[in-house]
Amino acid sequence: MKRITANGGMRVKDFSIKHTFESAQPLTFHADYNEREGTLSYVNYDSLIRARFSDGAAACRISVDPENSTKIERELASRFRLGDNMDRIYQNISTDSFMESAIRQYRGMRITLNDPWETTLCFILSQYNNVKRIRLIVQRFIAEFGPEIRDGDGIAIAKGFPTSERLTEYSEAEFRKAGAGFRARYVANAADFCTNNLNLHKLRGKRYPDLKEALMEISGVGDKVADCIALMGYGSMEAFPIDVWVKRTLEQLYFNSREKSVKELHRFAEERWGDYMGYAQQYLFHSSRDNNLTVIESNSIGASG
DNA sequence: ACCCAGGCGGGCG
DNA sequence: CGCCCGCATGGG
């Protein structure tokens with residue numbers, strides 16, 4: 001699955017940087033990806049991670065700076081879950097023609113594994129919001145509240161993701177000015193709570209139900225956001241975040257467009273996709289959203305043209 | 001102009 | 001438990 005080649009690069013089967021980056025995960029909100037060049041850069045804690053990717057039918061080729069290739073490759077392997085057994089995952093979530101075509105269209109899209117606080121902040125900002133604007137706000141947070149990242153000579157090269165501790169030094173009004181809107185209060189509460197009351201790193205290793213319960217103690221983190229944090233901040237594959245897109249799609253595909261409660265949909269997902277429901281959710285979410293956006297765009301082009 | 005977005009807390013019955 | 005409401009703000 002992962003092979004080290006002679007020049008130090010990696011080849012990874014069933015991995016697509018494009019589909020992963022575009023699937024509205026925390027990385028999407030703050031990383032810088034140039035599709036034409038195949039370059040990705042983002043800050044992980046205090047270091048700037050840069051890599052070049054080329055998606056291919058057989059595998060994705062990844063090359064990094066040989067200087068500290070071991071460290072960067074370890075970070076990429078963790079962040080993109082390069083160790084996942086995609087054959088087994090695809091086999092388990094290919095339950096019907098919709099899932100089969102989603103896998104065909106977005107093959108290689110991975111669930112990412114991100115820092116728990118980074119994930120928490122991103123998804124608090126995501127509520128009742130759209131992807132483009134979430135990205136805008138997250139990037140403002142980094143620019144205005146994030147730490148300066150410096151190279152070996154002390155020269156500033158980037159800004160990093162602001163820790164909860166750092167954010168306690170700013171006020172709700174400042175978060176509002178950065179575009180957080182009504183979520184500004186949740187951000188202020190969460191930053192304080194996760195700095196003084198709840199150590200997110202100590203939740204690692206907790207079972208999914210306990211993890212979710214603990215996360216929901218944070219004001220501004222409800223059922224859906226807690227599932228997002230469990231999935232993308234802790235790697236709990238039993239988490240199945242149900243947002244407006246997933247809800248609509250599940251109802252249309254499997255319930256003849258009849259309204260179902262989130263609780264019923266959770267039960268349905270657990271029964272249908274079991275241990276890999278988190279992955280099933282990401283393919284449902286991304287394919288329904290991406291195809292819908294494509295339709296809207298082509299419609300508006302046709303109407304205005 | 002109107003509608004929507006990876007929802008949540010709070011108030012109500 | 002379920003239902004309903006307000007919420008800030010940029011883009012289609």
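Labels below follow one simple rule: chain letters A, B, ... track the order of the sequence lines, proteins then strands, and each chain is numbered from 1.
- Contacts of A:M216 with the nucleic acid, taken as non-hydrogen atoms under 4.0 Å apart, are absent.
- Using bins of under 30°, 30° to 60° and over 60° for the plane-to-plane angle, the ring pair A:F21/A:Y33 lands in the tilted bin.
- As rounded to whole Å, 13 Å separates atom P of B:dA5 from atom CZ of A:F182.
- Residue A:E217 contributes atom CD, which lies 16 Å from atom P of B:dC8 at whole-angstrom precision.
- Note on A:K132: only backbone sugar-phosphate atoms sit closer than 4.0 angstrom, heavy atoms only; bases stay farther off.
- Distances from the side chain of A:S219 to the nucleotides B:dC8, B:dG9, C:dG10 place B:dG9 closest.
- Distance, A:K247 NZ to B:dC4 C1': 16 Å, rounded to whole Å.
- When each of A:Y186 and A:I242 is assigned the nucleotide of DNA chain B bearing its nearest heavy atom, the one mapping closer to the 5' terminus is A:I242.
- A:S23 comes within 4.0 angstrom of a nucleotide base, judged by non-hydrogen atoms across all strands.
- Each of A:N114, A:D115, A:T112 was scored for a side-chain hydrogen bond (donor to acceptor under 3.5 Å, both in side chains) with A:R79, with one residue passing: A:N114.
- As rounded to whole Å, 13 Å separates atom C1' of C:dA8 from atom CZ of A:R185.
- Phosphate proximity of C:dG2 to A:K263: absent, as no side-chain N or O sits under 4.0 Å from OP1 or OP2.
- Nucleotides C:dA8 and B:dG10 have their P atoms positioned 14 Å apart, rounded to a whole Å.
- Put simply, CD on A:Q127 is 14 Å from C1' on B:dG10, counting in whole angstrom units.
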Review point. Can A:T39 and A:N34 be said to form a side-chain hydrogen bond (donor to acceptor under 3.5 Å, both in side chains), step by step?
Key: CA-CA 5 Å; A:T39 51; A:N34 183 322; 4.8 Å; no

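- Rounding to whole angstrom units, CG of residue A:L125 and C1' of C:dA8 are separated by 12 Å.
- Between A:D223 and A:K212 there is a salt bridge, with a side-chain nitrogen of the basic residue lying less than 4.0 Å from a carboxylate oxygen of the acidic one.
- Within 4.0 Å of A:R183, counting heavy atoms only, lies at least one base atom of the nucleic acid.
- Side chains of A:S171 and A:E174: a donor-acceptor N/O pair is present below 3.5 angstrom, by distance only.
- Pairing analysis of DNA chain B (Watson-Crick: purine N1 to pyrimidine N3 plus N6-O4 or O6-N4; G-U wobble: N1-O2 and O6-N3; both under 3.5 Å) yields stems of 3 or more pairs at B:2-5 with C:9-12, B:7-13 with C:1-7.
- Computed from coordinates, the A:N130 CG to C:dG10 P distance equals 11 Å when rounded to whole Å.
- Taking atom CZ on A:R289 and atom P on B:dC4, their separation rounds to 16 Å, with Å as the unit.
- Between A:Y254 and A:F268, the ring-plane angle classifies as tilted under the 30° and 60° cut-offs.
- A:R135 comes within 4.0 angstrom of no nucleic acid atom, judged by non-hydrogen atoms across all strands.
- Ring pair A:Y42/A:H30 is perpendicular by interplanar angle, where above 60° counts as perpendicular and below 30° as parallel.
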